[in-house]
Participant: 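Before anything else, here's the structure in question.
Everything numeric in this text was worked out from a predicted model, so none of it was measured. Side-chain atoms are counted along with the backbone in the values below, which use heavy atoms only and exclude waters and symmetry mates.
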Amino acid sequence: MLDLKFIRNNLDSIEQMLQNRNTDVDLSEFRSIDTKRRQLLTEVEGLKNKRNTCSDSIALLKRQKEDASAQIAEMREVSREIKQLDAQISQLDAQLDALIHMIPNMPHESVPVGSGEEDNPVVRTWGERPSLDFEPQAHWTLGEQLGILDFERGAKITGARFTLYRGAGARLERALINFMLDEHTTRHGYTEVLPPFIVNKTSMTGTGQLPKFADDLFKLEGLDYYLVPTAEVPVTNIYQNEILEAHELPVYFTAYTPCFRKEAGSYGKDTRGLIRQHQFNKVELVKFAAPDNSYEELEKLLADAESILQKLNIHYQVVNLCTGDLGFSASKTYDIEVWLPGQGVFREISSCSNFEDFQARRANIRYRPKEGGKTRYVHTLNGSGLAVGRTLLAILENYQQEDGSVVVPEVLRPYMGGMEVIR
RNA sequence: GGAGAGGUGGCCGAGUCGGCUGAAGGCGCUCGCCUGCUAAGCGAGUGAGUGGGGAAACCUGCUCCGAGGGUUCGAAUCCCUCCCUCUCCGCCA
């Protein structure tokens, strides 16, 4: 959510931003609702002031055992007016609130203007494509042949886009989770948290999933509870409605959670394999930072995520999302895309973003600056470190051998009971 | 799930029969004094949000005592609904 005053003073640049993001939010009514609201506010506050002072004098009269019925009668009328104005104001508040919750974040100046993913510039590339002297297979073929991924039974148990992992597959998934958490906690300074996997509406609104993206979420029947679509939601909301001290910043959290997404609007896309599931595992990185160094923190967070792929020795590239591809709440996002030889493409495996104060304002997360003075909103950041299912499939495709077996990356062997090859 | 108690400022904790309590007192924090240094002591200050005025320091209105409604001229204080915490019982991994 953007600052109301900022919106008021920068309507033109916001309109431009909406265009760059290919979003259509109608701001034409903003001005009139905002002015009307402030008008009524001034009016009702004047009346409340009158009521407050009169109440004091009524109290005084009562204490002196004098008659106050004239004032009381007058105030009865004033109170009626106040009630009426308050009702009008809260209606305008609701309208304004609905409007500003639909406005996406302002992109950072380093974000290129572009219309879609084809306009995302590549920031850097790491490693090389594996030289396979045979026709590489897609992970779904490898996984089924090895008996470690069972798509049919996943679909039987639940439905499309659910997968059953078996044997070495299940263990590899677990190995990856542990490996990633260990790296981030022991080498990169993150504190591990294990949050609830179900959150309420306030938390969803705090990080920006609601109200706009309700269709992507699994909601529990009859409750205002939702399955988490990412650990970003519960972890960022750890400090919802809190004021941190400057010396506590930055705070680094890492969390493993399953993620649940309806993937509405992706019918027919990525129907095969592990790429797009309704349930997947992810290790997330979340930071709370002071505004003056949040972009340095973003670079470090990105490097922390990249280091996992480097240790696994998998070729990847980093792209800077352009305005047309940038997420609703983000000011700036880097995607890490891994090379998938079985499909001959780069696929997103991590998304690292700085939200600046957009989420902090919604979730009311502030800090007290060192130099004192008014509290300020923190900057929130997060990134996948990494998406576990996609990492597993990247390993299958990059480490496959001609006979369909898959070599276990060295760093994972201790987590796999020493297993060197899945066959 | 049943019974009871409770939710007040960064923290702890008073708030009597509704009015002078945005909130006593303490802790913490900040500044000053004192001290060879530290501690102790002394003095002063110290909530948030949102409007208006001012170049600014600052002045000023309104709102906020778990959340939302209600009663009243007036509510932290009374009533209703919901949420959360604690204790006991029941159930349970």
Participant: Any strand is fair game: report the nucleotide pairing with B/rG19 by Watson-Crick or G-U wobble, both distances under 3.5 Å, or none.
Facilitator: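 Its partner is B/rC73 (Watson-Crick or G-U wobble, both distances under 3.5 Å).
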Participant: Hey, which sits more toward the 5' end of RNA chain B by its nearest nucleotide, A/Glu45 or A/Leu41?
Facilitator: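 Nearest-nucleotide comparison on RNA chain B picks A/Leu41.
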Participant: Could you tell me the separation between the CD atom of A/Glu43 and the P atom of B/rG51, rounded to a whole number of Å?
Facilitator: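 For the pair A/Glu43 CD and B/rG51 P, the rounded distance is 18 Å.
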Participant: Using the P atom as the reference point in each nucleotide, state the distance between B/rG6 and B/rA14 in Å, no decimals.
Facilitator: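 Per the computed distance, 12 Å lies between those P atoms.
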Participant: Rounded to whole Å, please give me the gap between CG in A/Asp97 and P in B/rG49.
Facilitator: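 My rounded result for the distance is 17 Å.
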Participant: Tell me: CD of A/Glu77 to C1' of B/rG74, nearest whole Å?
Facilitator: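 Distance, rounded to whole Å: 16 Å.
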Participant: So, OP1 or OP2 of B/rC62: does either fall under 4.0 Å of a side-chain N or O from A/Asn49?
Facilitator: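 For A/Asn49, the contact criterion (side-chain N or O under 4.0 Å from OP1 or OP2 of B/rC62) is met.
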Participant: Side chain of A/Ile58: nearest nucleotide among B/rC73, B/rC62, B/rG51?
Facilitator: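 Between B/rC73, B/rC62, B/rG51, the one nearest the side chain of A/Ile58 would be B/rC73.
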Participant: Where do A/Asn354 and A/Leu381 come nearest, in terms of heavy atoms and distance?
Facilitator: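 Closest pair (atom of A/Asn354, atom of A/Leu381, distance): OD1-CG, 3.8 Å.
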Participant: Could you work out the separation of B/rG9 and B/rA24 based on their C1' atoms and round it to a whole Å?
Facilitator: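 Roughly 13 Å separates the two C1' atoms.
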Participant: Could you tell me the separation between the CG atom of A/Leu40 and the P atom of B/rG52, rounded to a whole number of Å?
Facilitator: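 After rounding, the gap between these two atoms is 14 Å.
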Participant: With a cut-off of 3.5 Å and sequence neighbours excluded, list every side-chain donor-acceptor pair involving residues 142-159 of chain A.
Facilitator:
residue: A/Asp150; atom: OD1; partner: A/Glu152; partner atom: N; Å: 3.4
residue: A/Asp150; atom: OD1; partner: A/Arg153; partner atom: N; Å: 2.9
residue: A/Asp150; atom: OD2; partner: A/Arg153; partner atom: NH1; Å: 2.7

Participant: With C1' as the reference atom in both, quote the distance from B/rG32 to B/rC17 in angstrom, rounded to an integer.
Facilitator: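 It comes out at 45 Å once rounded to the nearest Å.
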Participant: Does A/Asp3 come within less than 4.0 Å of A/Arg8, counting only side-chain N to carboxylate O?
Facilitator: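 Looking at A/Arg8 together with A/Asp3, the answer is no, because their closest N to O distance does not fall below 4.0 Å.
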Participant: Taking pairing as Watson-Crick or G-U wobble with both contacts under 3.5 Å, can you name the mate of B/rC58, or confirm there isn't one?
Facilitator: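 Across all strands, the one nucleotide that pairs with B/rC58 is B/rG53.
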Participant: Check whether any side-chain nitrogen or oxygen of A/Arg51 sits under 4.0 Å from OP1 or OP2 of B/rC73, and answer yes or no.
Facilitator: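 Result: no.
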Participant: Using the C1' atoms only, state how far B/rG19 lies from B/rC82, rounded to an integer number of Å.
Facilitator: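 Taking atom C1' in both B/rC82 and B/rG19, they lie 29 Å apart.
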Participant: Side chain of A/Lys48: nearest nucleotide among B/rG51, B/rU63, B/rG19?
Facilitator: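 Closest nucleotide among those given: B/rU63.
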Participant: Quote, to the nearest angstrom, the C1' distance that separates B/rA5 from B/rG47.
Facilitator: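 Nearest-Å result for B/rA5 against B/rG47 at atom C1': 28 Å.
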Participant: Quick one: A/Lys201 NZ to B/rA67 P, roughly how many Å, whole number?
Facilitator: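 To the nearest whole Å, that distance equals 19 Å.
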Participant: Please give the nucleotide sitting opposite B/rG32 as a Watson-Crick or G-U wobble pair, both distances under 3.5 Å, or none.
Facilitator: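 The base-pairing partner of B/rG32, which may sit in any strand shown, is B/rC42.
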Participant: Checking base pairs now: Watson-Crick or wobble, both atom distances under 3.5 Å. What partners B/rC91?
Facilitator: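 Paired with B/rC91, as far as the under-3.5 Å criterion goes, is no nucleotide at all.
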Participant: Can any side-chain N or O of A/Asp215 pair as donor or acceptor with the backbone N or O of A/Lys262 at less than 3.5 Å?
Facilitator: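 No, the answer is negative, given that no donor and acceptor are paired below the 3.5 Å cut-off.
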Participant: Measuring to OP1 and OP2 of B/rG74, would you say a side-chain N or O of A/Ser79 lies under 4.0 angstrom away?
Facilitator: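 Yes, because at least one side-chain N or O of A/Ser79 sits under 4.0 Å from OP1 or OP2 of B/rG74.
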Participant: Nearest to the side chain of A/Thr375, heavy atoms from C-beta on, is which of B/rG74, B/rA48, B/rU63?
Facilitator: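 Closest of the options to the side chain of A/Thr375: B/rA48.
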Participant: Starting at the 5' end of RNA chain B, which residue's closest nucleotide do you reach first, A/Thr53 or A/Lys83?
Facilitator: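 Per heavy-atom nearest nucleotide, the more 5' residue is A/Thr53.
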Participant: Which of the following nucleotides, B/rG74, B/rG49, B/rG51, is nearest to the side chain of A/Arg366?
Facilitator: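 Taking heavy atoms from C-beta onward, the closest nucleotide is B/rG49.
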Participant: Can you tell me if A/Arg376 touches the phosphate of B/rA48, counting only side-chain N or O atoms and a distance under 4.0 Å to OP1 or OP2?
Facilitator: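 Negative; the distance criterion is not met.
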Participant: State plainly whether the residues A/Arg161 and A/Glu263 are in salt-bridge range, i.e. N to O under 4.0 Å.
Facilitator: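 Answer for the salt bridge query: no.
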Participant: Give me the distance, rounded to whole Å, that separates B/rU8 from B/rA67 when you measure between the P atoms they each carry.
Facilitator: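 These two P atoms come out 10 Å apart once rounded.
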Participant: Could you tell me how far apart A/Asn9 (CG) and B/rG51 (P) are, to the nearest whole angstrom?
Facilitator: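 Taking atom P of B/rG51 as the reference, CG of A/Asn9 is at 11 Å.
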Participant: Can we say A/Glu81 and A/Arg76 salt-bridge, meaning some charged N sits less than 4.0 Å from an Asp/Glu carboxylate O?
Facilitator: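 A salt bridge is absent here (no side-chain N lies under 4.0 Å from a carboxylate O).
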Participant: Starting the side chain at C-beta, find the nucleotide from B/rG51, B/rC84, B/rG19 nearest to A/Tyr225.
Facilitator: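 For the A/Tyr225 side chain, the nearest candidate turns out to be B/rC84.
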Participant: Using salt bridge (charged side-chain N to carboxylate O under 4.0 Å, His left out) as the criterion, point out the one residue from A/Arg37, A/Lys48, A/Arg80, A/Arg51 that pairs with A/Asp86.
Facilitator: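 Of the listed options, the one satisfying the test is A/Lys48.
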Participant: By the 4.0 Å heavy-atom rule, please label A/Asn52 as base, sugar-phosphate, or nothing.
Facilitator: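 Touches sugar-phosphate only.
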Participant: Select base, sugar-phosphate, or nothing to describe what A/Lys50 touches, counting heavy atoms under 4.0 Å on all strands.
Facilitator: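 It contacts nothing in the nucleic acid.
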Participant: Can you tell me how far P of B/rG52 sits from CZ of A/Arg37, to the nearest Å?
Facilitator: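 It is 10 Å, rounded to the nearest whole Å.
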Participant: For the P atoms, the ones on B/rG28 and on B/rC12, what distance do you get once it is rounded to whole angstrom?
Facilitator: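 Approximately 15 Å lies between the P atom of B/rG28 and that of B/rC12.
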Participant: Report the base-pairing partner of B/rC86 (Watson-Crick or G-U wobble, both distances below 3.5 angstrom), or none.
Facilitator: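 Across any shown strand, B/rC86 pairs with B/rG4.
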Participant: Using atom C1' of each nucleotide, how far apart are B/rG26 and B/rC86 to the nearest Å?
Facilitator: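 Roughly 24 Å separates the two C1' atoms.
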Participant: Give A/Arg361 one of three labels, base, sugar-phosphate or nothing, depending on what nucleic acid heavy atoms sit under 4.0 Å from its own.
Facilitator: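 Nothing, no nucleic acid heavy atom in range.
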Participant: Considering all heavy atoms of both residues, which atom of A/Pro104 and which atom of A/Thr23 are nearest to each other, and what is their separation?
Facilitator: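 For A/Pro104 and A/Thr23, the tightest heavy-atom pair comes out as CG-OG1, 4.2 Å.
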Participant: Does any nucleotide pair with B/rC64 by Watson-Crick or G-U wobble geometry, both distances under 3.5 Å, and what is it?
Facilitator: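 Base partner found: B/rG47.
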Participant: Take the protein atom CD1 of A/Ile243 and the nucleotide atom P of B/rG49, then report the distance between them rounded to whole Å.
Facilitator: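 About 7 Å, once rounded to whole Å.
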